[in-house]
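Just so you know, ligand 1 is whichever comes first in the structure, and atom 1 is the first atom listed for that ligand. Throughout, residue positions are numbered sequentially from 1 according to the sequence presented.
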Amino acid sequence: MSLRSRLAQIVGGTTPDPMADPVKLARIGDDVRARLAANPSAEERGGRKAELFLLPGFLSAAQCADLVTIIETRLRPSTLFSESQYPSGRTSSTHFFATEAPETTALGRMIDEVLGIDRVHAETIQGQRYLEGEEYRHHCDFFRSERPHWRQERRRGGQRSWSAMVYLNTVDEGGATEFPRLGLTITPEPGLLVAWNNMDRKGRPNRNTRHAALPVTAGRKYVITQWYRQGEWSRNYR
Ligand SMILES: O=C(O)CCC(=O)C(=O)O
Ligand SMILES: [Fe+2]
């Protein structure tokens, strides 16, 4: 953010929450965008409205198969009871990867490396499984400060900056990730990484990143998801 808009913000009296700081978030956005733009395997697909990149073949078929096996070992419904006030529209099941397991640290390192973000900002890596009929309706990955969950999220790393997701299998039918405002529908393909900045160039939540996991209509879908925070991710928030 420019000095002028920073001053305008101060003069205008809107003090941003330091855990969703446009200055910091804009800097993270700039750094990651520059790194991905310089990566010859990364394809820019966000257009003018968002920063979104595809990296085909980020994981090998064997790596994807191993991750699917791990995801299958322990799953719980993705929707939590605490979401009853603001339903997420998510009907998949989630696996939380064991943070210290060698396969998790290796995977985490690979994703950090491609985005250029330090692991301290990374949430626990999750795996999602969608069975036939399951989906994640349109949503944004960033947090809204007016929602009750922000009080908790601001204490464990604050706003989300980039999202990274890797498809682990071919879905027989359905299960694409749709970004309606970007005119983009991504068909799952094993090993394909999608990364996008949830913030705009000014470090503000970018609603153009609204997206959905369309219902799987035949077969199953597996993905891993990695969200990064502005600050240090901590599960042991107070
Ligand atoms: O599974 C997908 O295609 C999208 C998942 C997603 O949007 C999320 O987990 O936040
Ligand atoms: Fe999402």
Pairs of donor and acceptor atoms involving the side chains of residues 175-195, under 3.5 Å and at least two apart or interchain, shall be tabulated with distances.
| unit_1 | atom_1 | unit_2 | atom_2 | d |
| --- | --- | --- | --- | --- |
| Thr177 | OG1 | Tyr167 | OH | 2.6 |
| Glu178 | OE1 | His138 | NE2 | 2.7 |

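Tally of protein N, O or S atoms closer to the Fe ion (ligand 2) than 2.8 Å: 3.
Near Thr225, with a cut-off below 4.0 Å to any heavy atom, the atoms of ligand 1 are 9 (O). For ligand 1 and Thr177, the ligand atoms under 4.0 Å from any heavy atom of the residue are 2 (C), 3 (O). Of all atoms in ligand 1, listed by their number and element, those nearer than 4.0 Å to a heavy atom of Asp141 are 10 (O).
Neither the backbone nor the side chain of Trp196 has any atom closer than 4.0 Å to an atom of ligand 1 (non-hydrogen atoms only). Only the side chain of His139 comes within 4.0 Å of ligand 1, judged by heavy-atom distances.
Counted within 6.0 Å of CZ on Arg147, heavy atoms from surrounding residues, nucleotides or ligands total more than 12; the atom is thus considered enclosed.
Under the 3.5 Å distance criterion, the side-chain polar atoms of Glu51 are left unmatched by any main-chain donor or acceptor of Phe53.
A salt bridge does not link Asp30 with Arg27: none of the charged nitrogens is closer than 4.0 Å to a carboxylate oxygen. Between Glu113 and Arg35 there is a salt bridge, with a side-chain nitrogen of the basic residue lying less than 4.0 Å from a carboxylate oxygen of the acidic one.
With values rounded to the nearest 0.5 angstrom, Asp141 atom CG is found 13.5 Å from Tyr228 atom OH. Here Ile28 contributes atom CD1 and Ser161 contributes atom OG; the two are 4.5 Å apart, rounded to the nearest 0.5 Å.
Among all non-hydrogen protein atoms, the one lying nearest atom 4 (C) of ligand 1 is Met165 SD, 3.5 Å. Distance from atom 8 (C) of ligand 1 to its nearest protein heavy atom, with residue and atom name: Tyr136 CE1, 3.5 Å. The protein heavy-atom contact nearest to atom 5 (C) of ligand 1 is Tyr130 OH, 3.5 Å.
Checked against salt bridge (Lys or Arg N to Asp or Glu O under 4.0 Å), Arg74 has no partners two or more places apart in sequence or in another chain. Among residues two or more places apart in sequence or in another chain, the side chain to side chain donor-acceptor pair (under 3.5 Å) test is passed with Glu123 by Arg160, Arg229.
Proximity of Leu107 to Ile224: side-chain heavy atoms (C-beta onward) are separated by under 4.5 Å at one or more points.
Ligand 1 lies less than 4.0 angstrom from a heavy atom belonging to Lys221.
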